[in-house]
Amino acid sequence: MNNLYFIGGIHGVGKGTICKEIISDFNVIHLSASEVLKWEEISSLENKKVNDFELSQNRLISNLNQITEPTKNYLLDGHFCLLNSENEPEKINKETFIELNPKAFIIVVDKIELIQKRLEKRDNKSYDIEILQKFQDLEFDYSISLSKELNIPIIKVINGNIQNLLNFLKNESIT
């Protein structure tokens, strides 16, 4: 699919907000992994836990293949890790990222207290800050590891600073 940029980070980190900023300045279509795999058909929107990783990732790839076009660029907003049914962060299988074959990985991280506040306001429920921190740490470390192993460039967006990402996309000439 080498016309795709993968932007990952935990729930509430600001991926969607960043995507909205980018699509207004670049020739790229924003896709949410949750929408692409039709999350509401396999779980509830309120439930961030994944019971069957293989099913969800196979469905993501299959649906992407049906809706994407080779002449367009896509920004896929998703995750490098997800919460399993035990509420523990778990890495998404490397094969998913091999199949996605993105032009670049973008990892978004922020202060965990801000993420917790965003999630609690958005979802109207409480979140365990230790689980969120563990989730974000695993997401960040795994994205770096995948980048090295698959030889895919990675852009880090830390605490809302998107300048490196904007510079990268300008160099990619997708304006």
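By convention here, the first residue in the shown sequence is residue 1.
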- Query: Just by distance, with hydrogens left out, do Y5 and E172 show a side-chain donor and acceptor under 3.5 Å apart?
  - Reply: yes
Does this structure show an ion pair linking [X] with [Y], if we count only N-O contacts that are shorter than 4.0 Å?
{"X": "D25", "Y": "K170", "answer": "no"}
{"X": "K91", "Y": "E139", "answer": "no"}
{"X": "K94", "Y": "E149", "answer": "yes"}
{"X": "K72", "Y": "E69", "answer": "yes"}

- Would L166 and E21 count as a side chain to side chain contact (heavy atoms under 4.5 Å, CB included) if you check the C-alpha gap in whole Å, the side-chain angles of each, and the deciding distance to 0.1 Å? CA-CA 10 Å; L166 296 174; E21 287 182 51; over 6 Å; no
Answer yes if [X] and [Y] sit in the same cluster of Ile, Leu, Val, Met, Phe, Trp and Tyr residues linked by side chain heavy atoms under 4.5 Å apart, and no otherwise.
{"X": "L114", "Y": "Y127", "value": "no"}
{"X": "L138", "Y": "I154", "value": "no"}
{"X": "I23", "Y": "I155", "value": "yes"}

Nearest 0.5 Å, what's the [atom1]-[atom2] distance between [X] and [Y]?
{"X": "I92", "Y": "E95", "atom1": "CD1", "atom2": "CD", "result": "13.0 Å"}
{"X": "R118", "Y": "L132", "atom1": "CZ", "atom2": "CG", "result": "11.5 Å"}
{"X": "K15", "Y": "I22", "atom1": "NZ", "atom2": "CD1", "result": "13.0 Å"}
{"X": "Q136", "Y": "I131", "atom1": "CD", "atom2": "CD1", "result": "14.5 Å"}

- Minimum heavy-atom distance between I7 and C19, given as atom pair plus value: CG2-SG, 3.7 Å
- Task: Give a yes or no on whether the backbone of L64 and the side-chain of T68 come within a donor-acceptor separation of less than 3.5 Å.
- Result: yes
- Quick one: list whatever passes side-chain hydrogen bond (donor to acceptor under 3.5 Å, both in side chains) with N167, sequence neighbours left out. Q163
- Query: Please walk me through it: do N161 and N159 pass side chain to side chain contact (heavy atoms under 4.5 Å, CB included)?
  - Reply: CA-CA 6 Å; N161 184 348; N159 300 334; 6.0 Å; no
- Which residues pass the ring pair (Phe, Tyr, Trp, His ring centres under 6.0 Å) test with F105, sequence neighbours left out? F80, F97
- Item | N124, CG: over 12 other non-hydrogen atoms inside 6.0 angstrom | no
